[in-house]
2 protein chains.
Amino acid sequence: MAGARSRIPDATVARLPLYRRSLLDLAGRRVATVSSEQLAEMAGVNAAKVRKDLSYLGSYGTRGVGYDVQFLVFEIERKLGLTTESPVVIVGLGNLGQALANYGGFQERGFPIVALVDADPAKLGQPIGDLFVESIDDLATAVAERAIAVGIIATPAQAAQEVADRLVAAGVRSILNFAPTVISVPDDVPLRKVDLATELQILSFYQQRERVDVQPRAS
Amino acid sequence: MAGARSRIPDATVARLPLYRRSLLDLAGRRVATVSSEQLAEMAGVNAAKVRKDLSYLGSYGTRGVGYDVQFLVFEIERKLGLTTESPVVIVGLGNLGQALANYGGFQERGFPIVALVDADPAKLGQPIGDLFVESIDDLATAVAERAIAVGIIATPAQAAQEVADRLVAAGVRSILNFAPTVISVPDDVPLRKVDLATELQILSFYQQRERVDVQPRAS
DNA sequence: CGGTGTGAAGCCTTTCACAGCA
DNA sequence: TGCTGTGAAAGGCTTCACACCG
């Protein structure tokens, strides 16, 4: 996970969605301003980090008062590029793919799922949510016609690289990989991975450390 | 995500499962030894990092030759605490929880799912895989009787903190949180989170950066 | 006075480069 | 000779602490 030549550090970028979530919560409760201390509490980080992170966006706070909630949400969304929707395609509709397809959280956060694709002919045409499973051969057409920006790979490991290649060829701009394997894509296609078994193994390490040793993390 | 007082850096711990996966792949193909260069290629990192990481485990390589695949798997598993199984309970059986319950990847990596728990009475007794959904009131009993070590939270955000409290009270030793909210647990309970919408937002940032600017990550 | 914005210090991680061993 | 193991350098992230402003 290396860094772009941007002014905003990677570590900060990774926390902006967290701040955004807390700020939306405040906005929903009609709170107008928030201090770094309060926001830190909500986001589970410390206040110095909040101030430093927000300072990369610009000097949007008011000394003695705090930050304007609405304005800060707007600025974070602008920096994250969330001002327009990014349509998503899910490739691979096994257990995980189906769960992702049914998960409402994407839609409501600006990432509508607009296509479901699988290589298994038996799955073609099957309805999931309000979509139907399409053939992977229709991927390029779907990406072009529905302006798909993000590809989610939820296939078995052995299919992942080929799917990634097809997604890139079809013109998808970034990829989220759930398959437990390393895939490679061109440098200009942002790629992130989520590996459930890896997370458990990391927990396992700290859990055993725990009982002989001292404290690890907080989230 | 702060660091334990262990000799193995957090960043290294997070990569050990990745090396393990590559090594198991090699072992399955009857490969006996591997160089840092090859392993780096497979794991998608660079060779210097591999050598540095492995050096924290001990000096297990042979100069001029490389690392013994079987032995290295064993050592990594030992350090990660994977020598015994860690039974898992999933709390919350909506889309995501059900998908996780049906996902075979946990079982085969030493994290058998032994209990499914939900607060919704309508779900009680429902079969998923080869388990039945139980009441959250039976959590403590289940944790004790089945030696459950890990709790996975797959509930809506608003229920997550209470579930976390109950898991801790029941004696679970570490927690993986899929709910899109910050939860707090005692210092001695390792906690990790996976937030799907956050991942997409991070991708969004690099994707827009992409088109005006230079290269971000590789995974 | 309260709380931001930020240099500076400290810590952690990555990368380099090469000595040293099989 | 080939490849590991590791000091040292470089870079990035976090924390500190306080000047400064509303």
Side-chain angles (χ1 to χ4, degrees), chain A residues 1-16 18-19 23 26 31-69 71-72 75-76 202 206 214-219, chain B residues 1-16 18-19 23 31-69 71-72 75-76 202 214-219:
Chain A
M1 224 132 282
R5 229 49 55 223
S6 136
R7 255 173 346 290
I8 306 183
D10 290 349
T12 296
V13 170
R15 281 187 296 266
L16 291 179
L18 209 60
Y19 299 144
L23 290 165
L26 290 168
V31 177
T33 62
V34 65
S35 69
S36 59
E37 195 84 44
Q38 295 169 293
L39 188 51
E41 160 77 26
M42 294 183 73
V45 302
N46 67 43
K49 206 179 271 182
V50 169
R51 289 202 299 278
K52 194 63 139 182
D53 284 342
L54 296 184
S55 78
Y56 292 118
L57 304 181
S59 295
Y60 296 140
T62 306
R63 292 166 200 238
V65 178
Y67 302 87
D68 182 284
V69 173
F71 183 70
L72 202 47
E75 276 306 313
I76 289 175
I202 296 172
Y206 291 107
V214 228
Q215 100 279 20
R217 108 210 8 74
S219 170
Chain B
M1 224 132 283
R5 230 48 55 222
S6 138
R7 255 175 345 291
I8 307 184
D10 289 348
T12 296
V13 170
R15 282 187 295 265
L16 291 179
L18 209 61
Y19 299 145
L23 289 164
V31 177
T33 62
V34 65
S35 69
S36 59
E37 194 84 44
Q38 295 169 293
L39 188 52
E41 159 78 25
M42 294 183 74
V45 302
N46 67 44
K49 206 178 272 180
V50 169
R51 290 202 299 277
K52 194 61 139 183
D53 285 342
L54 297 184
S55 79
Y56 292 117
L57 305 181
S59 295
Y60 296 141
T62 307
R63 291 164 200 242
V65 178
Y67 302 87
D68 183 285
V69 172
F71 183 71
L72 202 48
E75 277 305 314
I76 289 176
I202 296 172
V214 226
Q215 101 279 17
R217 109 209 4 81
S219 168

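Reminder, nothing fancy here: chain letters follow the sequence lines and each chain counts from 1. All values below were derived from every heavy atom in this structure, side-chain atoms included, with hydrogens, water molecules and symmetry-related copies excluded.
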Hey, does the side chain of N46(B) come within less than 4.0 Å of dT15(C)'s phosphate (OP1/OP2), counting only N and O?
yes

Could you tell me the separation between the CZ atom of R7(A) and the C1' atom of dC13(D), rounded to a whole number of Å?
18 Å

Here's a test of your reading of the structure: between Y60(B) and R15(A), which maps to the more 5' nucleotide of DNA chain D?
Y60(B)

Length of the CD-P vector between E37(A) and dT15(D), whole Å:
13 Å

Stepwise side chain to side chain donor-acceptor pair (under 3.5 Å) check, D68(A) with T33(A)
CA-CA 4 Å; D68(A) 182 284; T33(A) 62; over 6 Å; no

Among the nucleotides dT14(D), dT14(C), dT4(D), whichever has the atom closest to the side chain of K49(A) is dT14(D)

Contact check, residues 50-59 of chain B vs DNA chain D, heavy-atom distance under 4.0 Å, returns R51(B), K52(B), S55(B), S59(B)

Can you check the D10(A) CG to dC12(C) C1' distance for me, whole Å?
15 Å

Between CG on residue N46(B) and NZ on residue K52(B), distance to nearest 0.5 Å
12.0 Å

Might you work through the side-chain contact (heavy atoms from CB on, under 4.5 Å) test for L72(A) and Y19(A), ending with a clear yes or no?
CA-CA 9 Å; L72(A) 202 47; Y19(A) 299 144; over 6 Å; no

Residues in side chain to side chain donor-acceptor pair (under 3.5 Å) with Y67(A), at least two apart?
none

Which residue pairs pass the side-chain hydrogen bond (donor to acceptor under 3.5 Å, both in side chains) test with at least one member in residues 35-45 of chain B, sequence neighbours excluded?
S35(B)-Q38(B), S36(B)-R51(B)

State which residues pass side-chain contact (heavy atoms from CB on, under 4.5 Å) with Y60(B); sequence neighbours excluded, sorted by chain then number.
L57(B), F71(B), E75(B), R78(B)

Side-chain N or O of S36(A) versus OP1/OP2 of dT4(C): is the shortest distance under 4.0 Å?
yes

Given atom CG of L16(B) and atom P of dT13(C), what is their separation to the nearest angstrom?
13 Å

Atom-to-atom span, CD1 of I8(A) to P of dT14(D) - whole angstrom
14 Å

What is the distance, rounded to the nearest whole Å, between atom CG of D68(A) and atom C1' of dG3(C)?
15 Å

Drop me the distance from L23(A)'s CG to M42(A)'s CE, to the nearest 0.5 angstrom.
7.5 Å

Using a cutoff of under 3.5 Å, can you pull out all pairs of nitrogen or oxygen atoms linking the protein to nucleotides 19-22 of chain C, with atom names and distances?
unit_1  : atom_1 : unit_2 : atom_2 : d
dG20(C) : N3     : R63(B) : NH1    : 3.3

At their closest point, which heavy atom of L39(A) faces which heavy atom of V34(A), and how far apart are they?
N-CG2, 3.8 Å

Output all residues satisfying ring pair (Phe, Tyr, Trp, His ring centres under 6.0 Å) with Y56(A), sequence neighbours left out; order by chain, then residue number.
none

